[in-house]
Amino acid sequence: MKFLEYTPLERLNDFLSRVNFGERTIKGCLEAYSCKHTGTDKKLSLSLEHEILDYLGKSSDTDSSSPAEYLLSRSSRKTLIYLVLTLYHLYPDYDFSLVKAHQFFTEESWDSFKQIFETYMLEASKEWIEANGGNSLLEALFKALDEVVRLSECDIYSYNPDCDVDPFLEKGSIWSFNFFFYNRKLKRVVSFRFCCISNLMADGFLDDLCYEDDGEIFDGMDM
């Protein structure tokens, strides 16, 4: 996988790097990658393929909607491998367990993505219009994504791991979303992570407050 630089994404990243609302901050990041294997990708890709096949060999689930049934398709396995490789490039020090990871990829539509974006990024969108005028943040995002991966040809996936194994979560995270826009023809994928962070938690303010409160409890006691 090779990181690709695109000016439209950089403009959005500059804005989404830190949209501060006092007690909380909304952050977002878009990264584009070519699906062409580089470095250790081939070895990791082969390892992931073997793990999937091993999982399929042990699975007895024949439900047409099950992950096992989905992964019987070579094309589906290839897509999953590209998405997992993208995760490894985003977080090279994190170990993604494939056996669990395949359960977290869900195909989405632009409408479902749009609904989530407009709900959770409403305040950030208002800030965007105040700072840039013209098109909305969603329209700017659509245009940038369309330029990089041609949205009409894209499959959209979300990544929803358990909270205790989520590499995207930061200290003080209130909510977090992770999407992948994958163009099979272009062999290109764009990751989009956006989240909301409590500034009080992130700065350790609440931890300090709790510590001070505990101290007051013992002030009048003989120790």
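Scope of the values below: all heavy atoms of this structure, side chains included, with no hydrogens, waters or symmetry mates. For reference, positions follow the sequence shown, starting with 1.
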Which atom names give the shortest non-hydrogen contact between [X] and [Y], and what distance separates them?
{"X": "C35", "Y": "Y82", "answer": "O-CE2, 3.3 Å"}
{"X": "A124", "Y": "F15", "answer": "O-CZ, 3.3 Å"}
{"X": "L9", "Y": "A144", "answer": "CD2-CB, 4.1 Å"}
{"X": "V148", "Y": "A32", "answer": "CG1-CB, 4.1 Å"}
{"X": "G22", "Y": "N199", "answer": "O-ND2, 2.6 Å"}

Practice prompt. Only counting residues at least two apart or in another chain, list the ones meeting side chain to side chain donor-acceptor pair (under 3.5 Å) with D155.
Written response: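 Only R184 meet the side chain to side chain donor-acceptor pair (under 3.5 Å) criterion with D155.
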
Is there side-chain contact between [X] and [Y], with heavy atoms separated by less than 4.5 Å?
{"X": "Y159", "Y": "Y157", "value": "no"}
{"X": "F117", "Y": "L137", "value": "yes"}
{"X": "K36", "Y": "K187", "value": "no"}
{"X": "V149", "Y": "V189", "value": "no"}
{"X": "L87", "Y": "F180", "value": "yes"}
{"X": "H89", "Y": "Y33", "value": "yes"}
{"X": "K27", "Y": "N13", "value": "no"}
{"X": "L141", "Y": "L30", "value": "yes"}

Just verifying a value: how many Å separate [X] [atom1] and [Y] [atom2], rounded to the nearest 0.5 Å?
{"X": "S191", "Y": "N178", "atom1": "OG", "atom2": "CG", "result": "8.5 Å"}
{"X": "E10", "Y": "S17", "atom1": "CD", "atom2": "OG", "result": "12.5 Å"}
{"X": "L145", "Y": "L138", "atom1": "CG", "atom2": "CG", "result": "9.5 Å"}
{"X": "L151", "Y": "I156", "atom1": "CG", "atom2": "CD1", "result": "6.5 Å"}
{"X": "L83", "Y": "K78", "atom1": "CG", "atom2": "NZ", "result": "13.0 Å"}
{"X": "S34", "Y": "L186", "atom1": "OG", "atom2": "CG", "result": "10.0 Å"}

Practice prompt. May I ask you to decide if T25's main-chain N or O and N20's side chain share a donor-acceptor pair within less than 3.5 Å?
Written response: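 Such a contact is absent between N20 side chain and T25 backbone.
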
Worksheet item: Do N183 side-chain atoms and C154 backbone N/O form a donor-acceptor pair below 3.5 Å?
Response: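 The answer is no, because no donor-acceptor pair under 3.5 Å joins these two groups.
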
Worksheet entry | Residue pair L46, H37: steps toward the side-chain contact (heavy atoms from CB on, under 4.5 Å) verdict | CA-CA 11 Å; L46 187 61; H37 289 338; over 6 Å; no

Worksheet item: In terms of hydrophobic clusters joined by side-chain contacts under 4.5 Å, are I81 and F3 together?
Response: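 Result: yes, single cluster for both.
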
Worksheet item: Can you get from L122 to I129 by hopping between Ile, Leu, Val, Met, Phe, Trp and Tyr side chains that sit under 4.5 Å apart?
Response: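 Unlinked, L122 and I129 end up in two clusters.
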
Item to complete: Can you run down the ring-ring contact (aromatic ring centres under 6.0 Å, His included) pairs that involve residues 136-156, sequence neighbours left out, and say none if there aren't any?
Response: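 Sorted pair list: W110-F142.
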
Discussion item. Holding to salt bridge (Lys or Arg N to Asp or Glu O under 4.0 Å), I want the full list of residues that pass it with R150, two or more places apart in sequence or in another chain.
Written reply: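 Applying salt bridge (Lys or Arg N to Asp or Glu O under 4.0 Å) to R150 gives E153.
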
Discussion item. Test of understanding: with salt bridge (Lys or Arg N to Asp or Glu O under 4.0 Å), list the residues that count as partners of E108, not counting sequence neighbours.
Written reply: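 For E108, no residue satisfies salt bridge (Lys or Arg N to Asp or Glu O under 4.0 Å) once neighbours in sequence are set aside.
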
Worksheet item: Quick one: side-chain hydrogen bond (donor to acceptor under 3.5 Å, both in side chains) pairs with a partner in residues 113-131, sequence neighbours left out?
Response: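 Of all non-adjacent pairs touching residues 113-131, those that pass side-chain hydrogen bond (donor to acceptor under 3.5 Å, both in side chains) are R24-E123.
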
Fill in: Chi angles and distances behind the side-chain contact (heavy atoms from CB on, under 4.5 Å) call for L90, R193
CA-CA 11 Å; L90 292 170; R193 296 108 64 199; 3.2 Å; yes

Practice prompt. Apply side-chain contact (heavy atoms from CB on, under 4.5 Å) to I26 and M121, showing your working.
Written response: CA-CA 8 Å; I26 289 178; M121 298 291 280; 3.6 Å; yes

Fill in: Counterpart residues, ring-ring contact (aromatic ring centres under 6.0 Å, His included), relative to F181 (two or more places apart)
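Expected list: F113.
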
